[in-house]
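To start, the structure itself, in structure tokens.
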Protein chains: 2
Amino acid sequence: MAQKDTAKSILNAAEELFSERGFAETSLRNITSKASVNLAAVNYHFGSKKELIQAVFARFLTPFCADLDGSLEEFEARLGDQTPQLADLLRLLAENSLAAGKGNPRRVGIFMRLLGLAYSQEQGHLRKFLRKEYGAVFARFMSLVTAASPELDDQERFWRIHFMLGATVFTLSGVESLTAMAEHDLGVSTGIEGVIDRLVPFLSSGFQAPHQG
Amino acid sequence: MAQKDTAKSILNAAEELFSERGFAETSLRNITSKASVNLAAVNYHFGSKKELIQAVFARFLTPFCADLDGSLEEFEARLGDQTPQLADLLRLLAENSLAAGKGNPRRVGIFMRLLGLAYSQEQGHLRKFLRKEYGAVFARFMSLVTAASPELDDQERFWRIHFMLGATVFTLSGVESLTAMAEHDLGVSTGIEGVIDRLVPFLSSGFQAPHQG
DNA sequence: AAATGTTTGAAACATACGTTTCAAACAGCG
DNA sequence: CGCTGTTTGAAACGTATGTTTCAAACATTT
């Protein structure tokens, strides 16, 4: 049983360290010593650091996207030819995200931070990998968002989608330090579910703001 | 005249490379070869890589924050004891940001990306530096935002501010690739001013969304 | 139990990094 | 000009990185 434990320990350590410090700032020696395995084990099990990075994403995204695709299937079926509601789509996404990190609520924040890093750091291989591997589910979700906002022209919708994406990635990325800050300054504590509960109305309202042509 | 040119060339190259690839992924050799100066010039003029990073931020933020502080002074005076409007505050911030990158519109995007990196990468020294150096202006702006939203409780306001921050940083960070994407997919091109014109209504509407207590 | 294929451990490898050194080139000024 | 302090250039330094090597340990099958 110690066989798979090595690879899994490496993934666990890498996931956490990458999300805390970025990819280039995290050395294989950092990872292997946190995971209590030998340095060579990374190259043995994953081939290279690049492939380790991709494996970290794959371990989270593959089941997540499969589940999301199922949820979308069901959502579309239940919808028939009705117009979807944006808030429902956001809720669906939120439910799936929370479910993906079940057992460990920190996982969602960690992963949002990783996604942010994937786009802010120069990891060309990662972007290609993500698009190739998970682009289809993303496109399916987006076409539902389009159906949910027939009043917007393509340009306005394009930008508002990215405004929503930014608000979400940014706040959920930093959800740990932000909740700590809120607790320190305001004396209240909220879990990630609480943040999402506040985020959805914000996004819905912004996305459906009056369109000044 | 070649004296100050060396330091300035280094700052220009560093600003661009840091924003493209992050801090750790950009080596001093990358910077000095892009700037066409000797490697040792960085340590001579700035002391260390850390101090170079801080100098890049200082060159942009020091004049920006001074101008912003002036604008806020004027805004508060003009306001008297009226309640400020959030949209006006956002517009004021946008005007100052655009003015800071006058001559080079790319500059705003570059700098947003740098600010994003400052918070997403593990650069503890940078966060301390920024807070110490520019925290006061930030706090002044925030207290106006608080005055502009008396209907929100502290917690809701706290989160909505960060939602706005996220949408802004994320979209303006990637404004170059996003406008390219919009042009490719939708056949239209918008400058950063156009993006900000779309962003402000989105943020205002989200920030003032009905508060479900 | 023996043999085989898989996984680990300790060490070395080549390379790239930030930083330092020190002599040469340059500036401004008496 | 000759001098002094500042800036540059080429090379080296020490350290840390990703990767490779190869023998030892292990697990699995016959």
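Here is how names work: the chains are called A, B, and so on, in the same order as the sequence lines, proteins then strands, and each is numbered from 1. Here the structure is a predicted model, which means the values were calculated and not measured.
- Thr32(B) comes within contact range of no nucleotide atom at all, as no heavy-atom separation falls under 4.0 Å.
- His45(B) has no side-chain polar atom (N or O) that falls below the 4.0 Å cut-off from OP1 or OP2 of dT6(D).
- Comparing dT8(C), dT20(D), dG18(D) by their closest approach to the side chain of Asn43(A) singles out dT20(D).
- Considering only side-chain N and O atoms, Thr6(B) lies nowhere under 4.0 angstrom from the phosphate OP1 or OP2 of dT7(D).
- Position along DNA chain C of the nearest nucleotide to Ala40(A) versus Ala40(B) favours Ala40(A) as the more 5'-ward residue.
- One can place CG of Asn38(A) at 16 Å from P of dA24(D), the figure rounded to the nearest angstrom.
- The nearest whole Å value for the distance from the CG atom in Leu39(A) to the C1' atom in dA16(D) is 12 Å.
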Only pairs under 3.5 Å count here: list side-chain donor-acceptor contacts from residues 51-58 of chain B, not counting sequence neighbours, and write none if there are none.
from: Glu51(B); atom 1: OE1; to: Ser48(B); atom 2: N; distance (Å): 3.4
from: Glu51(B); atom 1: OE1; to: Ser48(B); atom 2: OG; distance (Å): 3.1
from: Gln54(B); atom 1: NE2; to: His125(B); atom 2: ND1; distance (Å): 3.1

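- Here dT7(D) presents its P atom at 12 Å from CD1 of Ile10(B), a figure rounded to the nearest Å.
- The pair Arg157(B)-Asp154(B) meets the salt-bridge criterion, since a charged nitrogen lies less than 4.0 angstrom from a carboxylate oxygen.
- Whole-Å rounding puts the Lys50(B) NZ to dT19(C) C1' distance at 14 Å.
- Using a 4.0 Å cut-off, some side-chain N or O of Ser27(A) falls inside it from OP1 or OP2 of dT17(D).
- Here the side chain of Leu28(A) is nearest to one of dT8(D), dG18(D), dT19(C), namely dG18(D).
- At whole-Å resolution of the value, CZ in Phe46(A) and P in dT20(D) are 16 Å apart.
- Rounded to an integer number of Å, the gap from Lys49(B) NZ to dA16(C) C1' is 12 Å.
- For dG18(C), neither phosphate oxygen OP1 nor OP2 lies less than 4.0 angstrom from any side-chain nitrogen or oxygen of Ser48(B).
- Applying the ring-ring contact (aromatic ring centres under 6.0 Å, His included) test to residues at least two apart or on different chains, the pairs with a partner in residues 170-207 of chain B are Phe163(A)-Phe202(B).
- Comparing Thr26(A) and Arg29(B) along DNA chain D, the residue whose closest nucleotide (by nearest heavy atom) sits nearer the 5' end is Arg29(B).
- Ion pairing between a basic and an acidic side chain is recognised when a charged N comes within 4.0 Å of a carboxylate O; Arg113(B) and Glu20(B) show no such pairing.
- Note: Phe141(B) CZ to Asp69(B) CG = 12.5 Å, rounded to the nearest 0.5 Å.
- Here the P atom of nucleotide dT8(D) and the OH atom of Tyr44(B) are 7 Å apart, to the nearest Å.
- Taking atom CD1 on Ile31(B) and atom C1' on dT19(C), their separation rounds to 14 Å, with Å as the unit.
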